[in-house]
Amino acid sequence: MSENKPTDRSEGTPTQARPLNFIEKIITEDLANGSVSRIQTRFPPEPNGYLHIGHAKSIWLNFGLAERFGGQCNLRFDDTNPVKEDEEYVASIKKDVQWLGYQWSGEVKFSSNYFEQLYQWAVHLIQTGKAYVDHLSADEMRAYRGTLTEPGKDSPHRQRSVDENLALFAQMRAGELDEGACALRAKIDMASPNMHLRDPVIYRIRKVAHHQTGDQWCIYPSYDFAHGQGDAIEGVTHSVCTLEFEDHRPLYEWFIANLPTPSTPRQYEFSRLNVNYTVTSKRKLKQLVDEGHVDGWDDPRMPTISGMRRRGFTPKSIRDFCELAGVTKVNGIVDVGMLEFTLREDLNKHAPRAMCVLQPLKVVLTNYPEDKTEIMTAPGHPQRDDMPLRNMPFGREVWIEKDDFREEANKKYKRLVIGKRVRLRNAYVIEADAALKDDAGNIVEVHARIIENSVGNDPADGVKPKGVIHWVAAHDNLTCEVRLYDRLFTDVAPDAGGKDFLQHINPDSLDILTGCKAEAGLAAAPPDERYQFERQGYFTLDAQYSTAEHKVFNRVIGLRDTWGKMDQS
RNA sequence: UGGGCCGUCGCCAAGCGGUAAGGCAUCGGGUUUUGAUCCCGACAUGCGUAGGUUCGAUCCCUACCGGCCCAGCCA
């Protein structure tokens with residue numbers, strides 16, 4: 001797969017001219033003043049679900065930073081909570097990261113690789129009087145923690161001796177205590193205005209099997225106790241995460257300061273990527289899947305990486321979008337229009353052109369011999385000469401788009417009208433004579449004439465065609481199914497302010513067209529190629545629904561359409 | 001309302017005391033056998049608000065206003 005080359009970064013990417021973002025500035029300084037000699041980052045997902053467009057930003061940022069500064073980026077699964085995780089997700093996450101065009105440094109890492117070290121560090125904290133086993137129940141702990149405006153109070157178990165804590169913690173590990181019976185807490189400050197510093201739980205008992213470590217452990221470290229230390233073990237220099245972890249930073253630093261870690265990573269936070277007209281919360285995406293509003297996690301309308309892949313997005317368009325959106329600490333919502341822009345930009349450059357009639361209307365060229373056929377040639381791409389020419393059969397009967405014919409129309413209509421001319425793209429100029437209708441008055445066929453010698457030339461009589469329309473020969477084409485996708489939600493912010501996002505699902509987000517007529521050459525379309533169906537948009541084969549006999553094309557995105565937006569009367 | 005963070009064009013986003021980059025979108029115009037692409041042009045006397053410091057402030061100070069995050073043995 002050509003799109004998996006992690007080196008395909010050069011062309012078109014605005015990387016060069018762009019001013020540095022705040023994290024790049026920090027790294028540049030750190031490198032300049034020698035506080036670090038080399039960059040190490042990491043992308044640290046918990047394997048508890050499918051990745052979506054929001055994760056793409058983190059992937060792009062972490063891997064991109066390493067790439068730009070000649071460093072390395074690890075893929076580390078933050079698997080400290082076995083009850084929510086599954087091996088299925090580690091597989092899909094690895095696939096998504098690679099598809100986006102990145103390769104992690106060395107082996108895939110897991111926080112669970114460090115469980116023994118983490119355990120020893122917890123013991124170290126106990127020995128230095130900085131951690132204790134607390135027997136308060138979860139409810140009691142909540143009550144003791146205080147509130148946002150009131151300080152918490154010390155647990156009655158806070159002053160246990162080191163020996164007692166050591167013994168209790170060993171019992172926890174040995175499985176001698178029940179889930180919830182107690183937990184290990186860091187001893188920091190129950191009156192801290194920062195809730196995360198009010199003696200956070202760092203180890204809890206969970207008697208469940210872990211997807212990586214099996215039943216080796218029945219106690220698991222919390223995120224806060226595992227993340228920074230994992231960074232330190234891996235030599236991560238810049239631990240980049242999202243804004244909601246800002247409050248955790250003092251805790252992150254407290255562990256690093258109070259433990260003999262091999263390095264001192266620093267945490268930096270940026271705002272997560274939000275896109276309008278969609279939702280990205282795992283709970284909501286799951287609901288869309290579970291309630292059958294979409295076809296699965298990889299439904300082409302989903303904002304998941306797998307959905308976008310199936311839809312036909314290019315990895316580059318997603319990376320470019322992340323870059324275009326920028327890296328700051330401002331909580332914003334980016335316009336999907338920007339994503340559509342980077343998508344079209346990439347597709348326009350690389351997609352071979354083709355013609356496909358979505359809603360066919362037959363045109364009979366009455367002055368064209370019944371037994372005659374020709375092969376028309378067309379460029380593979382109008383702005384590139386490195387793409388092979390296409391050969392398209394042409395004959396007496398051709399299909400054109402229903403929308404491209406009107407019995408009569410005003411001068412703004414640049415398509416086929418009775419008595420007027422249009423060019424069949426890459427073929428003849430034709431002039432319409434009559435429209436044949438069925439009993440209900442629907443136009444079922446159009447009679448027209450070709451203008452002799454107009455292939456590649458303007459008509460000899462000087463009467464130029466009004467416009468250019470696409471067509472497909474009736475005697476030789478590929479009948480196929482085409483799926484048109486629109487945004488999944490009709491509301492800019494489907495879940496803003498506690499709105500019920502399900503109320504805003506777009507009933508027309510999927511339009512299935514059958515009996516579409518594509519140019520014959522498309523019968524050989526490979527599954528990962530994206531085409532521009534001229535005048536319509538970009539399309540790719542749906543890997544799931546297509547069979548050898550029945551091709552299904554997904555519309556990745558339509559062409560920019562200034563005509564469709566204006567008053568066409 | 002305790003703490004943390006954030007507020008520059010409709011949406012992103014530069015700017016770091018010397019008089020508002022850029023992109024997306026939008027609106028004009030040109031080229032074009034895709035109403036696509038491409039090309040030109042327009043688009044913040046204004047930087048959440050009010051004061052203050054300064055010859056000069058989006059950048060410094062003060063006070064307000066607005067938004068986001070934190071009271072999981074989730075991450």
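Order of the sequence lines fixes the chain letters, A, B, ..., with proteins taken first and strands second; residue numbering starts at 1 for each chain.
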Seminar exercise, completed: The glycosidic conformation of B/G72, counting syn as within 90° of 0 and anti otherwise, is syn

Exercise. Distance between the C1' atoms of B/U54 and B/C59, in whole angstroms?
Worked result: 13 Å

Problem set entry | Touch class at under 4.0 angstrom, heavy-atom based, for A/Arg145 against every strand present | sugar-phosphate

Problem set entry | Ring centre gap for A/Tyr203 and A/Tyr220 strictly below 6.0 Å | no

Exercise. For A/Arg344 and B/A36, is the shortest distance between a side-chain N/O and OP1 or OP2 below 4.0 Å?
Worked result: no

Exercise. So is A/Arg173 actually on top of A/Tyr119's ring, under 6.0 Å and inside 45° of the axis?
Worked result: yes

Exercise. How about A/Tyr223 and A/His227: are their ring centroids closer than 6.0 Å?
Worked result: yes

For this session: Let me have a per-nucleotide readout for nucleotides 15-22 of chain B, 5' to 3', with B, S or -, counting only protein heavy atoms under 4.0 Å.
Result: SB------

For this session: Verify whether the ring centers belonging to A/Phe110 and A/Phe77 lie closer than 6.0 Å.
Result: yes

Problem set entry | Qualifying residues under side chain to side chain donor-acceptor pair (under 3.5 Å), relative to A/Ser222, sequence neighbours excluded | none

Exercise. Given atom CZ of A/Phe245 and atom C1' of B/C70, what is their separation to the nearest angstrom?
Worked result: 12 Å

Exercise. Under 4.0 Å: is that the gap between some side-chain N or O of A/Arg198 and OP1 or OP2 of B/G3?
Worked result: no

For this session: Looking only at side-chain atoms of A/Ala138, point me to the closest of B/A36, B/C73, B/A75.
Result: B/C73

Problem set entry | Pair A/Phe539 and A/Phe533, ring centroids less than 6.0 Å apart | yes

Exercise. Rounding to a whole Å, what distance do you find between A/Lys464:NZ and B/U32:C1'?
Worked result: 12 Å

For this session: Quick one: label A/Asp247 by what it contacts on the DNA or RNA (base, sugar-phosphate, nothing), any heavy atom closer than 4.0 Å.
Result: base

Seminar exercise, completed: A/Asp78 has its side chain closest, among B/A36, B/G2, B/A75, to B/A75

Problem set entry | Selected nucleotide, minimal atom distance to A/Arg423 side chain, candidates B/U33, B/U34, B/G7 | B/U33

Exercise. Counting side-chain heavy atoms from CB outward, which of B/C74, B/A25, B/A14 is closest to A/Thr328?
Worked result: B/A14

Exercise. Taking the side chain of A/Phe341 as heavy atoms from C-beta outward, which of B/A36, B/C74, B/A25 is closest to it?
Worked result: B/A25

Problem set entry | Candidate nucleotides B/G2, B/G35, B/A75, ranked by approach to the side chain of A/Lys414 - the nearest | B/G35

Exercise. Considering only side-chain heavy atoms of A/Tyr223, which listed nucleotide, B/G72, B/U33, B/A75, is closest?
Worked result: B/A75

For this session: Identify which nucleotide among B/G4, B/U34, B/G23 has an atom closest to any side-chain atom of A/Glu246, counting heavy atoms from C-beta outward.
Result: B/G4

Problem set entry | Stacking of A/Trp563 on B/G35 base (centres under 5.5 Å, planes under 30°) | yes

Exercise. Can you list, by residue number, the residues of residues 179-193 of chain A that have a non-hydrogen atom closer than 4.0 angstrom to RNA chain B?
Worked result: A/Gly180, A/Pro193

Exercise. Between B/C6, B/G72, B/U34, which nucleotide has the shortest distance from any of its atoms to the side chain of A/Lys329?
Worked result: B/C6

Problem set entry | Exceeds 12 heavy-atom contacts within 6.0 angstrom, atom NZ of A/Lys420 | no

Problem set entry | Of the listed nucleotides B/A71, B/A36, B/C74, the one nearest the side chain of A/Gln383 | B/A36

